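Comments concern the structure below.
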Amino acid sequence: MSFELLKALCSTPGVPGREERFREVVRTQVTPHAEEITTDSMGNLFALRRGKSKDSRKIMIAGHMDEISFVVKFINKDGFIYFQPLGGFDPRTLIAQRVKVYGTTTLDGVIAIKAAHFTTPEERGKVIPLNDLFIDLGMSGDEVKAIVNIGDCITMDRDLIKMGNFYTGKTLDDRVGVYVMLEAFRNFSQSNDDIYAVATVQEEIGLRGAKTASFGLQPDIGIALDITIAADTPGVDEKDYCVRMGEGVGIKILDSSAICHPGLVRFLKELAERKGIKYQMEVLSAGGTDAGGMQMSRGGIPVCTLSIPCRYTHSVVESVHRDDVQATIDLLTAFLEHSHEFQF
Ligand SMILES: [Zn+2]
């Protein structure tokens with residue numbers, strides 16, 4: 001585990017459709033290990049390690065580079081910025097948070113909050129709609145407009161830290177998935193199959209990058225790496241936990257984007273047992289991953305998602321358990337070394 005790498009991934013911006021800065025970090029990481037690196041017109045990055053078998057298949061592993069974030073929609077005369085959200089934000093989590101605004105220079109900002117002294121009791125109990133939230137950059141209208149333009153990117157601002165057995169911060173969705181992919185891609189000893197590590201774009205707005213990436217690549221098998229919801233906290237019924245923190249990698253059975261290939265699910269479960277890797281089976285009632293985008297490509301592709309359990313998803317305090325991250329790396333690495341044993 002490299003906490004420093006995971007932290008660097010979390011602090012590099014990747015607004016949907018504007019993943020270029022993050023892609024360069026991924027490129028730097030895969031360059032020493034890949035035999036070939038390509039990108040497509042959407043911005044997906046493909047890193048290949050060739051298999052040793054003559055009749056090798058193509059395995060696509062995918063982690064998404066984009067994060068839920070915003071673009072500048074309007075700047076008013078006093079320099080307050082209104083924004084367009086990209087991805088599923090919960091407005092309750094945004095008030096009084098710091099952001100980064102990527103103009104011609106990078107600026108610090110805050111999502112403003114009305115002073116408590118001036119709010120009525122009704123206002124205090126109400127969630128402010130996303131459309132009414134605005135960002136203060138501490139500058140005049142003219143100063144802001146000299147640096148920031150309509151369409152510029154905005155991300156939340158929160159450093160990753162260690163907290164007990166957890167890592168917590170912003171954008172673990174899907175920086176931790178990309179991290180798992182990078183570690184496994186670098187670690188696996190050898191495969192019979194051609195392994196393509198694909199850093200995808202625009203997942204948070206409808207699995208768009210995974211769709212074009214898998215259509216172009218035509219993989220034989222697809223594995224997405226992403227977080228899933230660990231709802232194992234007070235106030236939630238045990239039957240609705242989905243997965244638990246610290247109980248191992250999630251092997252997804254289904255979510256609202258894909259019903260995973262049952263043979264592939266069984267293979268991954270048996271592989272985890274064989275290798276002594278802690279795992280849990282996952283049925284997620286809402287949400288999706290790049291597996292959904294890959295599966296529906298061309299004539300259909302067998303897919304599964306390996307999930308990292310995550311509490312407080314889509315907030316700046318997303319949290320994962322370090323043992324679950326390691327278990328996910330271990331199972332993905334084992335899969336890359338044993339993929340030829342899976343027949344469908
Ligand atoms: Zn995700």
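If you read the sequence from its start, that first residue is 1, and numbering goes on from there. Both counts, for ligands and for their atoms, begin at 1 and track the order of listing. Values in this document were obtained by computation on a predicted structure and should not be read as measured data. In what follows, every heavy atom counts, from backbone to side chain, and hydrogens, waters and symmetry copies are set aside.
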If we ignore hydrogens and angles and just use 3.5 Å, is the side chain of Gln190 paired with the main-chain N or O of Glu337 as donor and acceptor?
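Absent.
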Please check this pair: side chain of Asp194 against backbone of Gly51, looking for a donor-acceptor N/O pair closer than 3.5 Å.
yes
Please give the atom name: the N, O or S atom of Asp173 nearest to the Zn ion (ligand 1).
OD1
Just checking: Glu203, one of its N/O/S atoms, less than 2.8 Å away from the Zn ion (ligand 1), yes or no?
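No - counting backbone and side chain alike, Glu203 has no N, O or S atom under 2.8 Å.
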So, Asp226 and the Zn ion (ligand 1): N/O/S under 2.8 Å, yes or no?
yes
Taking the inter-plane angle between the rings of Phe80 and Phe134 on a 0 to 90° scale, is it parallel (under 30°), tilted (30 to 60°) or perpendicular (over 60°)?
perpendicular
Can a salt bridge be assigned to the pair Glu238 and Arg244 using a cut-off of 4.0 Å between side-chain N and carboxylate O?
yes
